[in-house]
Amino acid sequence: MDALVAVYGVRPWNWHTRQPPFHVLVGTILSQRTRDEKTDLAARAVLERFPDPASLAAASLETVEALVRPANFYRTKARRLREAAAILCRRYGGRVPESLEELTALPGVGRKTANCVLVYGFGKAALPVDVHVHRIANRLGLVRTRTPEETERELWEIVPDRHRLLVNELLVKHGQTLCGPRNPRCVECPVNALCSAGSGGLKDEGRAQEARRGRNGRDSL
DNA sequence: AAAACGGGGGC
DNA sequence: GCCCCAGTTTT
């Protein structure tokens, strides 16, 4: 497992479809706006102590907060995790529901997290489109969309179904490494020539400055 | 459509 | 010091 982490960056909470849905749910909530390393620490800590919804729901908030500490938004996430676990016990007999609607009704679970559970937990066909996928797909000119949900639909149309998840993850990796929100490293980019957003980094200066002007602490295209 | 949540690591 | 982080919820 650690070798897989080292080589591919895969994590125990999402590394393939046999991972228990509850683990994926916990790990993915913890991963929101949080780097993989810190997500990993928090997810291992929580799941080792509370491997099922019943034990997590019964835990004290202080205990969960302490375990979730390495992740960002740890107070909010600890509260949501415990509430979600309680709902799983109360309404679903301690199981994780398998529909997008039921999942997004859980606290802390939006469209992206729900799709992660469907894909990595249940092996269903779904596309967890995050900010990276949304940004990169637009920069490359694969889609022209306003929201990640639109990007999700558009990618379904232009990528063959057997390749969608792979393409999705590759776009994430590209966004995490070379093609960040503010300063894309176009000179080093292997798909520079195919990109409609900037060639040779020229158009990037303009867009980077534009993004900087947009100033409210949030990410933008 | 913004703002709040929320804090450490990188440069 | 500013940028970045596999988002979601509330104003």
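All chains are named by letter (A, B, ...) in the order of the sequence lines, taking the proteins before the strands, and each is independently numbered beginning at 1.
Whole-Å rounding puts the A/Arg75 CZ to C/dT8 C1' distance at 17 Å. When the C1' atom of B/dC11 is taken as reference, atom CZ of A/Arg185 falls 12 Å away, rounded to whole Å. The nearest whole Å value for the distance from the CZ atom in A/Arg35 to the C1' atom in B/dG10 is 7 Å. With rounding to whole Å, A/Arg33 atom CZ is found 14 Å from C/dC3 atom P. Atoms CG (A/Leu178) and C1' (C/dC4) sit 15 Å apart, rounded to a whole Å. Straight-line distance from the CD1 atom of A/Ile136 to the C1' atom of C/dC5: 14 Å, rounded to whole Å.
Between A/Pro128 and A/Leu106, the residue whose closest nucleotide on DNA chain C is further toward the 5' end is A/Pro128. Nearer to the 5' terminus of DNA chain C, by closest-nucleotide assignment, is the contact made by A/Lys38 (compared with the other of A/Pro107 and A/Lys38).
Checking A/Thr145 against A/Thr151 by side-chain atom types alone, a donor-acceptor pair falls below 3.5 Å.
Looking at every heavy atom in both residues, A/Phe22 comes nearest to A/Phe50 through CE2-O, 3.7 Å. The heavy-atom pair separating A/His132 from A/Val172 by the smallest distance is CB-CA, 4.0 Å.
The shortest distance between the side-chain N/O atoms of A/Thr113 and the OP1/OP2 oxygens of C/dT8 is below 4.0 Å. Under 4.0 angstrom from either OP1 or OP2 of C/dC4 there lies at least one side-chain N or O belonging to A/Asn183. Phosphate contact (OP1/OP2 of C/dA6, side-chain N/O of A/Thr28, threshold under 4.0 Å): absent. Put simply, A/Gln176 has a side-chain N or O that comes within less than 4.0 Å of OP1 or OP2 on C/dA6. The side chain of A/Tyr74 places no N or O atom within less than 4.0 Å of a non-bridging phosphate oxygen (OP1 or OP2) of B/dG6. The phosphate of C/dA6 (OP1 or OP2) has no side-chain N or O of A/Arg135 nearer than 4.0 angstrom. Distances shorter than 4.0 Å separate some side-chain N or O of A/Arg182 from OP1 or OP2 on C/dC4. Contact between the side-chain N/O atoms of A/His132 and the OP1/OP2 oxygens of C/dC5 is found at a separation under 4.0 Å.
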Worksheet item: Taking it one step at a time, do A/Thr63 and A/Ser60 satisfy side chain to side chain donor-acceptor pair (under 3.5 Å)?
Response: CA-CA 5 Å; A/Thr63 305; A/Ser60 77; 2.7 Å; yes
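Stem list for DNA chain B (at least 3 consecutive Watson-Crick or G-U pairs, distances under 3.5 Å): B:1-5 with C:7-11, B:7-11 with C:1-5.
Take A/Arg91 and apply the side-chain contact (heavy atoms from CB on, under 4.5 Å) test, not counting sequence neighbours, and it matches A/Ile87.
Counting only heavy atoms from C-beta on, A/Phe73 has its side chain closest to B/dC5 among C/dT8, B/dC5, C/dA6.
With respect to A/Arg185 and A/Glu188, a salt bridge is recorded, a charged nitrogen being found less than 4.0 Å from a carboxylate O. Contact check on A/Glu154 versus A/Arg144 returns no salt bridge, with no Lys/Arg side-chain nitrogen under 4.0 Å from an Asp/Glu carboxylate oxygen.
Contact annotation for A/Lys77: no contact, since no heavy-atom pair falls under 4.0 Å across all strands. A/Val129 comes within 4.0 angstrom of nothing in the nucleic acid, heavy atoms only. Across all strands, A/Leu41 comes closer than 4.0 Å to no nucleic acid atom at all (heavy-atom distances).
With hydrogens and angles ignored, the 3.5 Å screen pairs no side-chain donor or acceptor of A/Arg75 with any backbone N or O of A/Glu65.
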